[in-house]
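One is the number of the first residue; the rest follow in order along the sequence. Quick caveat, the model's predicted, so the values are computed rather than measured.
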Amino acid sequence: MTFADVLAGLEVDLPAYTPMQQEEDERRLHLLIGAAALQREVAENLQVRSWLVPASPECTALLIEDSPVDAADRDRAHERAADDLTALCELVIRRSDAEEHLLTFMETPGESQGALVFACLLQLCGYVRNARFWWAFAAGAGSTTAAYCLFLDGLLLDRAEEAVHCYESLGGADFVHGHLEDPPQYWGTAIGVSRGLDQHIEQVRHEDFGVIALPGPGLPANVGRRQTSIR
């Protein structure tokens with residue numbers, strides 16, 4: 001006896017599949033398909049707009065050892081890292097407490113948030129090496145945002161292993177996890193914020209670290225005035 005014979009002998013009372021039920025099922029199926037398509041589109045958009053991580057497509061080729069990376073791929077990765085770093089620096093200095101953190105930093109140099117704000121200001125003003133110094137200081141004092149800045153900066157310097165170390169060991173991943181719904185957004189205020197701040201940034205020479213930038217007395221107030229103008 002075949003399987004077909006077994007089925008033929010079964011008496012199964014199947015309910016009628018009415019045209020109304022068929023229409024309802026088709027409607028629900030259409031909604032499910034639409035929701036799945038929307039979810040896929042959102043996921044693709046978030047991949048483009050989310051903060052860079054070691055697993056991001058733009059970074060993967062740079063981080064795989066012996067991976068052939070052409071100039072175009074490297075340029076795209078650098079451009080994305082630079083854009084994200086600028087967006088993050090603007091996000092930091094646009095915070096309403098940035099001026100207060102700078103004041104605290106000048107009174108208590110060990111304050112990590114003030115060091116972060118100062119480093120981001122230095123980056124936007126073009127003091128890249130000095131920004132790196134204060135990001136490292138802030139990250140060592142527990143700032144996960146500074147650690148993530150070092151990750152992006154490491155990508156720009158083609159120091160992939162160092163970048164991933166900052167991301168994983170210094171807490172850069174914690175910044176991303178805390179900003180999953182806050183994708184990078186470049187407001188284009190870097191020029192307006194940095195204009196005229198050079199005169200409030202002092203340069204001193206340290207016997208071990210060379211020339212180091214320090215915040216001058218008028219820096220916090222000037223940052224506060226620029227915050228008011230860009231809101």
Side-chain angles (χ1 to χ4, degrees), residues 46 49-53 56 80-156 163 166-167 170-202 212-231:
L46 285 177
R49 297 175 61 241
S50 61
W51 295 99
L52 282 174
V53 298
S56 296
R80 179 61 196 280
D83 287 347
D84 277 16
L85 187 55
T86 298
L88 180 50
C89 287
E90 291 198 351
L91 183 66
V92 169
I93 65 172
R94 287 171 66 95
R95 288 179 54 93
S96 59
D97 55 0
E99 180 182 358
E100 179 182 351
H101 281 308
L102 274 176
L103 286 169
T104 303
F105 176 61
M106 294 177 67
E107 297 172 358
T108 310
E111 204 271 324
S112 64
Q113 289 304 307
L116 168 66
V117 174
F118 184 52
C120 289
L121 279 170
L122 290 172
Q123 176 71 17
L124 295 178
C125 291
Y127 295 89
V128 178
R129 187 188 67 81
N130 283 279
R132 192 175 303 129
F133 174 87
W134 286 113
W135 279 327
F137 177 89
S143 171
T144 59
T145 304
Y148 185 72
C149 287
L150 288 175
F151 165 70
L152 296 175
D153 184 60
L155 294 178
L156 290 171
C166 294
Y167 182 83
L170 299 179
D174 292 335
F175 164 80
V176 175
H177 295 154
H179 290 76
L180 287 176
E181 297 181 358
D182 184 19
Q185 180 180 355
Y186 178 54
W187 289 278
T189 59
I191 296 177
V193 170
S194 62
R195 184 183 297 117
L197 288 182
D198 285 21
Q199 58 184 315
H200 302 289
I201 297 175
E202 301 177 352
I212 298 177
L214 295 176
L219 185 63
N222 275 271
V223 170
R225 283 196 289 270
R226 282 164 174 76
Q227 283 181 320
T228 302
S229 64
I230 64 177
R231 288 193 187 122

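Summarising the geometry of Gly171 relative to Ala147, their closest heavy-atom pair is C-CB, 4.1 Å, with the distance given to 0.1 Å. Contact between Leu150 and Ala136 at its shortest, heavy atoms only, is CD1-CA, 3.7 Å. Across all their heavy atoms, Ala138 and Leu116 have their closest contact at CB-N, 3.9 Å. Pairing each heavy atom of Ala115 with each of Trp134, the nearest pair is O-CB, 4.0 Å. Shown here for Tyr148 and Leu52, the closest heavy-atom pair between the two residues is OH-O, 2.6 Å.
Separation of atoms CG (Leu156) and CZ (Phe151) is listed at 10.0 Å; rounding is to 0.5 Å. Atoms CD and OG1, on Gln113 and Thr104 in that order, are 10.5 Å from each other to the nearest 0.5 Å. Here the CD1 atom belonging to Ile93 is positioned 12.5 Å from the CZ atom belonging to Arg95, to the nearest 0.5 angstrom. The CG atom of Asp174 lies 10.0 Å from the OG1 atom of Thr145; values are rounded to the nearest 0.5 Å. Here SG of Cys120 is found 10.5 Å from CD of Glu90. Values are rounded to the nearest 0.5 Å. Residue Thr144 holds its OG1 atom at 11.0 Å from OH of Tyr167, rounded to the nearest 0.5 Å.
Partner of Pro184 under the side-chain contact (heavy atoms from CB on, under 4.5 Å) criterion, chosen from Leu91, Leu85, Asp84, Thr86: Asp84.
Ring-plane geometry between Phe105 and Phe118 is classed as tilted, the angle between the planes lying from 30 to 60 degrees on a 0 to 90 degree scale.
Contact annotation: the side chain of Leu88 approaches that of Phe175 to within less than 4.5 Å [non-hydrogen atoms, C-beta and beyond]. By the 4.5 Å heavy-atom criterion applied to side chains, Cys89 and Val92 are not counted as neighbours. Residues Leu121 and Leu102 are in side-chain contact: their nearest non-hydrogen atoms beyond the backbone lie under 4.5 Å apart.
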